[in-house]
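Structure first, commentary second.
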Amino acid sequence: MTLVTLFVVTSAFAQRDWSKVEVKATLVSGSVYMLTGLGGNIGVSVGDDGIVVIDDQYAPLAPKIEAAMKGITDKPVRFIINTHYHGDHTGGNEYFGQKGTIVAHDNVRKRLESGTTFAGVATPPAPKAALPIVTFNDSLTIHLNGEDVKAVHMPPGHTDGDSVIWFSKSNVVHMGDDFWVGIFPRIDLENGGSVKGMITAVEKVIATVPDDAKVIPGHGTLSDKAGLRKFLDMLKGATAAVEKGIKRHKTLDQLKAEKVLAPWDVEWGQSFIKADAFIETLYKSLKPGS
Ligand SMILES: [Zn+2]
């Protein structure tokens, strides 16, 4: 089964036509830009001292990502921060690691180095050149471009190595995959993720950042604190709905049949994570051993 899954995923990756992907840069605020292509949203801080890049999507897109940054500035890449280990956020590490220093939470390096399994898909150990060479346990700040770029480790949410990145002067926060816009989020339970942790992480950011901050989600369109609150409401509501079913000894199949996430389905379930998949994630996260 694993072999079959692996084959299918590998084929899908190989068949993807990277030449059709367009990497676009949008000014967010101050000296921070958001780059979109395929995979996790990229955050970029630019200025006289060089570039700090947050996440780097997939390896085949690295030259396009670099070209999009060249359209903003001719300064060099100095640092790359990974918000977590997933391949759609770290795929360009080997390429950009030749240009700057890769920084991430301890668990990002650990998981890239050892290889992982998530949702039946095995990812082999990353090459040495793709590993973060500076890691941190709690938080780390890069002082460049008159900006404090602060990476703060979050409670285990999307994974156990999540960081949100705060650009204090430009008043922007990059949430990594602890925040998706208009899509039920994936939660990597096999690598330390938990829905309760994700709720705590989002609450922590809402309590910390100014009301007028711009918020870059891991996936989906550029957002703000109102968007974060909306996401939190959905997470809490969906969690409560599944918890209620678990307390009543409902099985996973019963919860799916009862469509317990129907109130959120129209807005959050029409993209690549459907309601049934999110019910399953919540059920497994809230009922250990299930
Ligand atoms: Zn992710």
Side-chain angles (χ1 to χ4, degrees), residues 5 9 12-13 16 34-43 53-59 61 65 80-93 96 102-126 130-132 135 151-165 173-202 205 215-223 227-228 231 234-235 268 271-274 277-278 280-282 284-285:
T5 313
V9 170
F13 188 84
R16 205 170 259 170
M34 174 168 133
L35 269 57
T36 54
L38 196 70
N41 290 325
I42 296 172
V53 190
I54 317 302
D55 289 348
D56 50 28
Q57 298 192 344
Y58 295 104
L61 297 177
I65 294 165
I80 303 96
I81 307 178
N82 296 145
T83 59
H84 61 294
Y85 84 88
H86 285 156
D88 57 332
H89 296 253
T90 59
N93 272 13
F96 288 108
I102 305 173
V103 179
H105 182 263
D106 297 334
N107 289 346
V108 175
R109 181 180 163 100
K110 201 170 83 184
R111 298 212 183 277
L112 286 173
E113 197 172 27
S114 63
T116 45
T117 300
F118 172 35
V121 180
T123 303
L131 299 177
T135 64
V152 183
H153 178 48
M154 290 285 121
H158 180 65
T159 70
D160 67 359
D162 305 325
S163 296
V164 303
I165 319 299
V173 60
H174 188 309
M175 290 292 295
D177 278 356
D178 266 341
F179 175 40
W180 289 12
V181 171
I183 314 164
F184 286 130
R186 295 190 90 179
I187 298 174
D188 187 344
L189 305 175
E190 290 144 283
N191 294 284
S194 119
V195 67
K196 291 274 169 92
M198 188 180 263
I199 288 172
T200 307
V202 176
V205 175
V215 183
I216 300 175
H219 296 268
T221 52
L222 182 64
S223 191
L228 262 184
F231 179 70
M234 178 278 290
L235 272 187
W268 303 88
S271 188
F272 55 94
I273 304 291
K274 304 296 180 199
F278 195 47
E280 190 160 341
T281 298
L282 292 173
K284 288 178 175 166
S285 185

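Because the structure is predicted, anything quoted here is derived from the model rather than measured. Numbering of ligands and ligand atoms starts at 1, following listing order.
- Minimum-distance N/O/S atom of Asp177 relative to the Zn ion (ligand 1): OD2.
- Around CZ of Arg109, the count of heavy atoms belonging to other residues, nucleotides or ligands within 6.0 Å exceeds 12.
- A donor-acceptor contact closer than 3.5 angstrom links the side chains of Asp55 and Thr83.
- The side-chain hydrogen bond (donor to acceptor under 3.5 Å, both in side chains) test with Tyr85 singles out one residue from Thr123, Thr159, Asp188, and that residue is Asp188.
- Taking 2.8 Å as the threshold, His89 does not count as a candidate ligand of the Zn ion (ligand 1), since none of its N, O or S atoms lies below it.
- Closest N/O/S atom of His86 to the Zn ion (ligand 1): ND1.
- Between the side chain of Asn93 and the main chain of Ala130, a donor-acceptor pair closer than 3.5 Å is present.
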